[in-house]
Amino acid sequence: MEFKFIPIDYDSFDFDGKNYIRLIGRTEKGEKICVVDSYEPNFWVILKNQDEKIAEKIAEKISKINIKSKGRESKVTKTKIQDKNFLGKKVKSIQVFVTNHKDAHEIASEIGDLKEIEARREYDIPLITKYIKEKKVEPLKWYTVKADNLGIEDFGGIADAISLDKCFYAKSIKEIEKDEKFEPKILAYDIETTDIELGKGDILMISLYGKNMKKVLTWKKITQTQEYVEIFKNQAEMIEKFAEYVNSYDPDILTGYFSDGFDLPYLKAASEKEKMKLLLGIDKKGPIFSRGRISSGKIAGIVHIDLYRFIDAVFSQYLQSETLGLGDVAQELIGEGKEKFDFDKLKDMKESDWKDFFSYNLQDAKVTYKLAEKIWPDIYEFTRIIKEPLFDITRDRMATHVENYLLHNLDRFNEIAEKRPLHEEMGSRRELGSYEGAFVLEPKPGLYEKIVIFDFTSFWPSIIVSYNLSRSTYREKNEKNTLEVNIEGSNKKYYFSKENGFFPEMLNEIINLRKKYKIEYSKNKNPLTKARSNAYKLLANASYGYQSFFGARYYCREAGASATAISRDFIKKTIEQIKEESHNVIYSDTDSIAFLQGKKTNKEIINLLEKINSNLPGIMELDLEDFYPRGLFVSKRSMTAGAKKKYALLSESGNFKIRGFETVRRDWCKLARNLQNEILISVLKDGNEKKALKVLREVVEKLKKREIKKEDLIIRTQLKRSIKDYISTGPHVVAAKKMEERGLHINPGMIIFYFIGENSTKGKKIGDKVYLPDEKAEYNIEYYLNNQVLPAVENIFEVFNVNVKEILEGHSQKKLF
DNA sequence: GCGGCGCTTATACC
DNA sequence: ACCGGTATAAGCGCCGC
C-alpha cells in the first residue's frame with residue numbers, strides 16, 4: 001500500500017528486545033494513522049589512528065560483546081568501519097550497531113577505554129533524535145510511504161492497543177519534493193478549580209474551544225444557563241466526558257496556557273482522587289509526565305502543547321508584554337484578553353455569578369485557541385528547521401534548539417556528534433566564572449541634535465563566522481594556519497584554525513538563510529514567511545551564547561571570550577574612524593555607535609559608512625540604523641557620570657525610542673512611569689524643559705492633594721523565588737508574606753502588587769509601610785514624591801541645569817504658609 | 001540613633 | 001540549570017561611632 005503521510009508525533013517501543021519507532025500523523029485524506037518504522041540503533045567508536053588493520057581488530061573484538069541487563073539481552077549486531085570527522089580531525093571510526101538503544105551506553109562502557117580508542121560517541125543522543133537524524137523522516141514534512149497493514153497481533157498487538165483505525169509497518173518512506181502545507185486540528189482547553197494547589201480542590205468546570213467546538217463542562221447544578229454549558233452529575237462524569245470529547249474530536253494538538261504546570265496535572269490528580277482513569281489519548285492511558293525542571297504532560301497520539309512554555313522559551317523575545325500571563329500576551333498578539341471575574345465571589349456564588357464564571361472559562365479557552373492559531377506559523381517553522389518533534393519544539397529552550405539544529409545537520413559535514421557534558425563537567429565549567437564581555441561607552445549627559453546611529457548586522461554571529469571561532473577549530477597552541485586572538489589587558493591568547501569548522505559554516509548558512517527569507521518576507525508578507533525569517537534570526541542570535549553555555553555539547557569558552565575581545569576591538573576601532581571624520585561620538589553599546597551628524601550631509605554619512613565597510617573582514621557589516629533629530633542622555637543618580645543603557649531618541653518619522661528609563665521598567669509605579677514618559681516626549685519635541693516642568697508641577701500638586709488614583713501608585717515586582725529563600729526582605733517580599741497570611745497561594749514567578757502607605761508607628765523601613773492594593777490606607781505622599789516621582793525626572797531636568805527639588809520646595813513652601 | 005556602605009535583588013540593554 | 005556579559009538603582013541590613 002502507498003500513501004502520502006505527514007509525521008506529527010514520534011515515540012518508540014520495544015519488541016523482541018529491539019527498538020521500533022511509532023509515527024503518528026495524517027494522510028493526505030486527513031486520516032490520523034500510525035506508521036511503525038524500524039531503526040538500527042548505533043553509536044560510534046573513534047580510533048586514535050588511521051590504521052585499517054587496527055580498526056578491523058577492534059571491530060572484531062567489539063562485535064562479540066553481549067550483555068544482559070534489565071531482563072534484556074543486548075548485543076552488537078554489526079560493525080562498520082568508516083572515515084569520519086570529529087572536532088576538526090579526520091578519524092577512522094567504527095559504527096557499532098546494537099540491538100537496543102537503551103543498552104548503547106552500557107555497551108559503550110563495556111568496550112571501555114582501550115588504548116587504541118580516542119572516544120565513544122552518540123550513545124547519549126535520544127533515540128527519536130537519532131532516528132530522525134539518520135533516517136531523515138522529519139516532522140511536519142510530507143512523505144510517500146510504502147507500507148503493509150499491521151494486524152492486531154503484530155508487534156505484540158500495538159495496533160490493537162490504540163484507537164486509530166489504520167496502522168502500518170513501513171517498507172519505505174520517501175520525501176515528497178513538492179511540500180504541501182499542513183493545517184493542524186487544534187483544540188484548546190482550560191479548567192477552573194476551587195483551589196490553586198494541585199489536587200487539593202475540585203475542578204469546577206472545563207472549557208473546550210476549537211472549530212465547531214465550544215463547550216463548558218461542569219457539575220454545578222444551575223437551572224438556567226448558556227447553551228454551551230453541559231451539566232454533569234458529578235466531577236467524575238465531567239472529567240470522563242472531557243476525555244471522551246477530546247478523543248472523539250481527534251485533534252492534532254491539544255493546547256492550554258500553563259497547562260503543563262496546572263490544567264493537565266490537575267486533571268490527573270482529580271481523576272486519581274475520584275479513583276477513575278483519565279482516558280485521554282489514542283491509547284486511553286492519559287497523560288504521562290516527564291521528570292525535569294518543569295514536568296511536561298504527554299498524551300499519546302495528541303500533541304499536548306503548553307503555549308506558555310513556547311512563549312517563555314522562544315517567542316517572548318518578540319513581545320512587549322510586561323508579564324507572560326495569558327491576559328497580557330493574548331491582548332498583545334490577538335487584541336483580545338481575558339474576561340474579568342472576581343474570584344472572591346467563589347465563597348458565595350449566585351446563579352448569575354456562575355454564568356459569568358462559565359463565560360470567563362470559555363473565553364480563556366477561546367483566546368488560548370486564537371493564540372495557538374497566531375503562533376502556529378512560528379511553531380511550524382521551528383519544527384521544520386530544527387527537525388525535532390512538535391512536542392519537544394514547544395518546550396525546549398534556545399540552547400537546546402541550537403544544539404538540535406547542529407545535531408540534525410552534522411551528517412552533511414560527515415561529523416560524529418560530541419557528547420553531552422556530565423554533571424561534574426557542567427559544574428567545573430560553571431566554576432570558571434564569567435569572562436569579559438562587550439564594550440559600553442559612557443555618554444556625556446545632554447540633549448543632542450542630529451544624531452546618527454550605525455550598528456553591526458548580526459554582530460556576534462558575524463564575528464564567529466568571520467574568525468572561525470568554535471570548539472572544533474579551537475587549538476591549544478599556535479600551530480601553522482591558525483589565527484591568534486589577543487585578549488587585551490590579560491595577556492591571554494587563544495588560537496583558532498583557519499580551516500573552516502562546521503559550527504561557523506553552519507552559522508554562516510543560517511545567516512544567509514535569514515537574509516534570503518527576510519527578502520522573501522518583504523516580497524510576500526505573510527505569517528509563514530515572517531516566522532521563517534524570524535526563526536533563523538533567533539537561531540543565529542542564540543548561537544554565540546550557546547558556545548559559552550555550560551550545558552552545551554559544543555561548549556567553547558575560549559570562542560566566547562574571543563568573540564567578545566574581537567567585538568571590543570571592532571567597536572573601538574570603528575569609533576576612532578568616526579572620530580577621525582571629526583564627528584562627536586556620544587554613545588556606544590556592544591554593536592552600535594551614536595554620533596553627531598554635525599554639518600555633514602546624509603550622503604556624506606553614507607559615504608563614511610561605505611568607507612568603514614570596505615575595510616571590514618569576512619562577513620562583518622556595518623549598517624545605518626537611523627537618523628535621529630534629537631536625543632537625550634542623562635547622568636547616573638547622584639553622580640555626574642553619564643548613565644549607560646539609558647537614553648531617549650526622537651526619530652525622523654516622529655517615533656520615540658526610549659531605553660532603560662523607568663518608563664520602560666515594570667517595577668515602578670504608573671504615576672512615575674507615565675510622568676517620566678510625558679516629560680521625555682515633551683523635552684524631545686520642544687528641545688527645552690519649559691512645558692515639561694509645568695507637567696511636573698501639576699502632577700506634584702495632585703499628588704500632594706491626594707488626587708492620584710491608587711491604581712497609578714501600585715508597584716509591581718516579580719517574586720523570583722519562594723519567600724523563605726530571601727536573605728533580604730524587600731517590599732515585595734513583605735507584600736508576598738502578607739498575601740500568604742491571608743491564605744493566598746504564593747509561588748515563584750508571581751508578580752506581587754503593593755503600594756506604600758502612611759504608617760507613623762513603625763520604623764523607617766519602606767517594608768513597614770507596605771500595603772496590599774485592597775487595604776485601606778492613605779498613600780504615602782513623601783514616599784511617592786521622593787522615591788518615585790522625583791528620582792524619575794530629576795536627572796532629565798538636570799540636563800537643563802534645573803534643580804527640581806529646589807524649585808518644588810520653594811513652590812510648596814509658598815503654599816504652606 | 002544615625003550615616004555610610006556593602007550586599008541583595010529586580011530589571012533592563014545588547 | 002536549560003544562551004552570554006554589562007549596567008542602573010532601590011532598599012535592606014550590618015557596622016562603627
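Labels below follow one simple rule: chain letters A, B, ... track the order of the sequence lines, proteins then strands, and each chain is numbered from 1.
Checked against C:dA9, C:dG5, C:dC3, the side chain of A:Lys645 finds its nearest nucleotide in C:dG5. Nearest nucleotide to the side chain of A:Arg430, out of C:dG4, B:dC14, C:dA1: C:dA1. Nearest nucleotide to the A:Arg397 side chain, out of C:dC3, C:dA7, B:dC14: C:dC3. Side-chain atoms of A:Phe549 lie closest to C:dC2 of the nucleotides C:dC2, B:dC14, C:dG13. Picking from B:dT11, C:dC12, C:dA10 the nucleotide with the shortest atom distance to the side chain of A:Asp667 gives B:dT11. Nearest nucleotide to the A:Ala399 side chain, out of C:dC3, C:dG13, C:dT8: C:dC3. The side chain of A:Lys636 lies closest to C:dT8 when the candidates are B:dA12, C:dC3, C:dT8. When distances run from any side-chain atom of A:Ile727 to the nucleotides B:dT8, C:dC3, B:dC13, the shortest one goes to B:dT8.
Here the C1' atom of nucleotide C:dT6 and the OH atom of A:Tyr544 are 11 Å apart, to the nearest Å. Following rounding to the nearest Å, A:Glu662 (CD) and B:dA10 (C1') show an atom-to-atom distance of 13 Å. Rounded to whole angstrom, the span from the CG atom of A:Asn786 across to the P atom of C:dA9 amounts to 17 Å. For the pair A:Arg716 CZ and B:dA12 P, the interatomic distance rounds to 13 Å; values are reported in whole Å. When the P atom of C:dA10 is taken as reference, atom OH of A:Tyr754 falls 13 Å away, rounded to whole Å.
Nucleic acid contact class of A:Tyr783 (heavy atoms, under 4.0 Å, all strands): sugar-phosphate only. Counting any heavy atom pair closer than 4.0 Å across all strands shown, A:Gln547 reaches no nucleic acid atom. Nucleic acid contact for A:Gly660: sugar-phosphate only, since backbone atoms but no base atoms lie under 4.0 Å from a heavy atom of the residue. A:Tyr435 comes within 4.0 angstrom of the backbone, heavy atoms only, and of no base. If you check every strand for non-hydrogen atoms under 4.0 Å, A:Gly437 touches sugar and phosphate atoms only.
Put simply, A:Tyr647 has a side-chain N or O that comes within less than 4.0 Å of OP1 or OP2 on B:dC14. Phosphate proximity of B:dT9 to A:Arg721: present, with a side-chain N or O under 4.0 Å from OP1 or OP2. Distances shown here put a side-chain N or O of A:His732 below 4.0 Å from the OP1 or OP2 atom of B:dA10. Contact annotation: A:Arg665 does not reach the phosphate of B:dA10 (side-chain N/O to OP1 or OP2, under 4.0 Å). Contact between the side-chain N/O atoms of A:Ser434 and the OP1/OP2 oxygens of C:dG4 is not found at any separation under 4.0 Å. Of the side-chain N and O atoms in A:Lys765, one or more sit less than 4.0 angstrom from OP1 or OP2 of C:dG13. Under 4.0 angstrom from either OP1 or OP2 of B:dT11 there lies at least one side-chain N or O belonging to A:Gln718. A sub-4.0 Å separation between OP1 or OP2 of B:dA10 and a side-chain N or O of A:Tyr726 is present. An OP1 or OP2 oxygen of C:dG11 is reached within less than 4.0 angstrom by a side-chain nitrogen or oxygen of A:Asn787.
Positionally, the nearest nucleotide of DNA chain C for A:His423 lies more toward the 5' end than for the other of A:Pro731 and A:His423.
Distance check on atom C1': C:dT6 versus C:dC2 gives 22 Å, rounded to whole Å. Across C:dC3 and B:dC7, the matching P atoms stand 29 Å from one another, rounded to whole Å.
Remark: the A:Gln547 side chain and the A:Ser470 side chain contain no N/O donor-acceptor pair separated by less than 3.5 Å. A:Asp328 and A:Thr323 are linked by a side-chain donor-acceptor pair at a separation below 3.5 angstrom, with hydrogens and angles left out of the test. Side-chain polar atoms of A:Ser490 and A:Lys492 form no donor-acceptor pair below 3.5 angstrom. Inspection of the A:Ser533 and A:Arg514 side chains reveals an N or O donor paired with an N or O acceptor under 3.5 Å.
Using cut-offs of 30° and 60° on the angle between ring planes, the pair A:Tyr587 and A:Phe633 is tilted.
Annotation for A:Trp668 and A:Asn787: closest pair CZ3-O, 3.6 Å, computed over non-hydrogen atoms.
Remark: A:Arg395 fails to qualify as a cation-pi partner of A:Phe310 under the 6.0 Å distance and 45° angle criteria applied to the six-membered ring.
Taking only distance into account, the side chain of A:Arg666 never meets the base of B:dT11 through a donor-acceptor pair shorter than 3.5 Å.
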